[in-house]
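First up is the structure itself, then whatever we jot down about it.
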Amino acid sequence: MDDQTRMMTGLTGLGGLQQADVGDPDSVRKQQSLGQPQQDIGDILQQIMAITDESLDEAQARKHALNCHRMKPALFSVLCEIKEKTVLSIRGVQEEDPPDPQIMRLDNMLLAEGVSGPEKGGGSAAAAAAAAAAGGSPTDSSIEHSDYRAKLAQIRQIYHSELEKYEQACSEFTNHVMNLLREQSRTRPISPKEIERMVAIIHRKFSSIQMQLKQSTCEAVMILRSRFLDARRKRRNFNKQATEVLNEYFYSHLSNPYPSEEAKEELAKKCGITVSQVSNWFGNKRIRYKKNIGKFQEEANLYAVKTAVDAANVSAQASQANSPATPNSGTSSSCYTD
DNA sequence: TACAATGATTGCAA
DNA sequence: TTGCAATCATTGTA
């Protein structure tokens with residue numbers, strides 16, 4: 001006898017139940033003795049399905065009646081037997097998922113940006129770096145810094161509230177499914193392992209939704225960062241003194257306007273800018289000078305004169321320092337050097 | 001407001 | 001990696 005036939009045989013005893021008769025073995029016996037044709041499994045299933053269309057009280061009553069039915073243990077044991085055979089085929093399906101590298105990357109990024117985890121200066125550091133790279137004044141950078149932080153805080157807040165919603169929905173849904181399964185376990189065999197597996201499936205589904213949230217949050221942070229890190233958007237001209245220092249070096253090394261790394265560092269220090277800004281400046285200057293030497297000739301002459309005067313001053317200072325007969329030499333030369 | 005000046009970025013070559 | 005050349009985006013000025 002195959003499983004289905006056995007089940008059908010077991011279930012035939014439940015056939016022909018009327019709503020009022022359910023739970024009343026006498027009425028079943030009466031119906032059987034009256035020679036009513038055996039009804040097929042469809043009837044009983046229909047009755048079970050009909051429970052959902054009934055009011056809560058009616059459904060409860062019918063459920064109770066089905067649970068108390070004398071054939072219920074037979075049905076349950078048949079289901080157990082079938083289960084035992086089928087569970088072997090699904091056993092292999094259950095395996096532990098390795099941590100998703102994509103989720104790990106997103107988590108790391110959100111953590112580094114200060115969106116997830118404890119609120120700290122992750123994003124602030126990025127904003128400060130952005131301001132420094134742009135060469136903005138301390139006041140400007142602090143304004144942008146707070147602006148960046150405010151926007152990041154906004155993203156953080158949205159992220160956390162959405163995450164909370166997802167987690168709440170997940171736990172509600174999990175509870176709901178677990179209650180359903182527990183309830184169903186009265187009529188069909190459901191092991192705790194199966195409930196666990198179902199919970200894991202639900203969590204996987206919700207975690208894929210979470211991944212989408214994390215992904216869009218990361219995108220928002222990247223857009224915010226790129227907006228703040230794009231130095232072109234908040235370019236500031238170097239101050240006059242810095243430009244003079246750079247021009248002086250450029251025109252005094254016109255035959256080879258390529259400062260060494262040490263010279264770049266020195267110039268950067270003098271001008272209050274970064275080494276890469278010095279490199280940019282020399283790159284731009286060389287190309288623009290080469291393109292239009294005529295235009296820069298006047299400027300070149302000006303700095304040549306300035307350099308000559310400075311050199312003369314230095315040598316005068318040196319010669320005066322070597323002559324002890326000259327009084328107040330320091331005060332007279334300082335008016336040229338300044 | 002148009003335009004020149006200027007600092008930064010990008011793509012390519014050496 | 002560095003420098004060049006082209007280009008972008010912003011600032012400063014007439």
Side-chain angles (χ1 to χ4, degrees), chain A residues 105 108-110 112-115 121-155 215-310 338:
Chain A
R105 266 202 301 276
N108 286 341
M109 186 189 160
L110 291 173
E113 291 297 331
V115 175
S124 317
S137 67
T139 322
D140 291 337
S141 66
S142 63
I143 290 165
E144 281 149 9
H145 188 170
S146 65
D147 202 17
Y148 180 90
R149 280 177 63 177
K151 291 218 158 53
L152 195 70
Q154 215 175 332
I155 291 174
Q215 220 156 11
S216 51
T217 307
C218 280
E219 276 167 23
V221 172
M222 292 310 284
I223 290 166
L224 183 68
R225 280 200 70 163
S226 71
R227 190 169 296 164
F228 276 83
L229 286 170
D230 188 354
R232 282 188 297 202
R233 289 182 191 279
K234 47 179 173 23
R235 182 180 67 78
R236 293 279 181 280
N237 289 351
F238 298 155
N239 62 39
K240 209 177 165 203
Q241 188 240 335
T243 314
E244 266 187 33
V245 169
L246 294 167
N247 271 318
E248 257 177 60
Y249 187 98
F250 180 81
Y251 288 111
S252 63
H253 298 76
L254 204 50
S255 57
N256 184 37
Y258 297 89
S260 64
E261 206 53 39
E262 291 77 25
K264 279 181 191 171
E265 278 171 25
E266 185 70 31
L267 287 166
K269 211 177 283 179
K270 270 190 194 171
C271 301
I273 58 177
T274 64
V275 173
S276 64
Q277 282 179 303
V278 173
S279 300
N280 285 339
W281 189 92
F282 274 88
N284 284 324
K285 190 72 183 181
R286 279 191 297 266
I287 192 96
R288 283 164 187 164
Y289 179 82
K290 201 172 85 177
K291 268 187 179 174
N292 198 346
I293 294 176
K295 197 184 97 181
F296 287 97
Q297 199 55 60
E298 200 182 328
E299 191 178 62
N301 292 338
L302 204 76
Y303 279 99
V305 170
K306 194 173 173 356
T307 309
V309 169
D310 285 349
D338 287 341

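Labels below follow one simple rule: chain letters A, B, ... track the order of the sequence lines, proteins then strands, and each chain is numbered from 1. Please read these numbers as outputs of a predicted model, since none were measured by experiment.
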Worksheet entry | For A/A263, all residues meeting side-chain contact (heavy atoms from CB on, under 4.5 Å), sequence neighbours excluded | A/Y249, A/P259, A/S260
Can you give me every donor-acceptor pair (side chain of residues 294-301 of chain A, partner residue at least two apart or in another chain, under 3.5 Å) with its distance?
{"residue": "A/E299", "atom": "OE1", "partner": "A/Y251", "partner atom": "OH", "Å": "2.4"}
{"residue": "A/E299", "atom": "OE1", "partner": "A/K285", "partner atom": "NZ", "Å": "2.8"}
{"residue": "A/N301", "atom": "ND2", "partner": "A/Q297", "partner atom": "O", "Å": "3.4"}

Discussion item. For A/N239, give me all partners under side-chain contact (heavy atoms from CB on, under 4.5 Å), at least two apart in sequence or on another chain.
Written reply: A/Q241, A/A242
Discussion item. Can you list, in residue-number order, the parts of residues 278-299 of chain A that come under 4.0 Å of DNA chain C, counting heavy atoms only?
Written reply: A/R286, A/I287, A/R288, A/K290, A/K291
Worksheet item: What is the distance from CG of A/N237 to C1' of C/dT13, rounded to the nearest Å?
Response: 12 Å
Response to the item:
Residues at least two apart in sequence or cross-chain that pass side chain to side chain donor-acceptor pair (under 3.5 Å) with A/N108, listed by chain then number, are none
Worksheet item: Which salt bridge (charged side-chain N to carboxylate O under 4.0 Å, His left out) pairs, counting each pair once, include a residue from residues 267-284 of chain A, with sequence neighbours left out?
Response: none
Identify the pairs formed between an N or O of the protein and an N or O of nucleotides 11-14 of chain B at a distance under 3.5 Å, and give each distance.
none

Worksheet item: Which of residues 249-271 of chain A sit near DNA chain C, with a heavy atom under 4.0 Å from it?
Response: A/Y258, A/K264
Item to complete: Please identify each residue that fulfils side chain to side chain donor-acceptor pair (under 3.5 Å) with A/S276, with sequence neighbours left out.
Response: A/T274
Discussion item. Checking A/T243 now: which residues fulfil side-chain contact (heavy atoms from CB on, under 4.5 Å) with it, not counting sequence neighbours?
Written reply: A/F238, A/N247
Worksheet item: In chain order, what residues pass the side chain to side chain donor-acceptor pair (under 3.5 Å) check against A/R288, with sequence neighbours excluded?
Response: none
Item to complete: Enumerate the residue pairs fulfilling salt bridge (charged side-chain N to carboxylate O under 4.0 Å, His left out) with a member in residues 245-259 of chain A, sequence neighbours excluded, ordered by first and then second residue.
Response: A/E248-A/K306
Practice prompt. Write down the atom of A/A268, the atom of A/V275, and the distance for their closest heavy-atom approach.
Written response: CB-N, 3.9 Å
Discussion item. Using whole Å, what does the distance between atom C1' of nucleotide B/dT6 and atom CZ of A/R236 come to?
Written reply: 13 Å
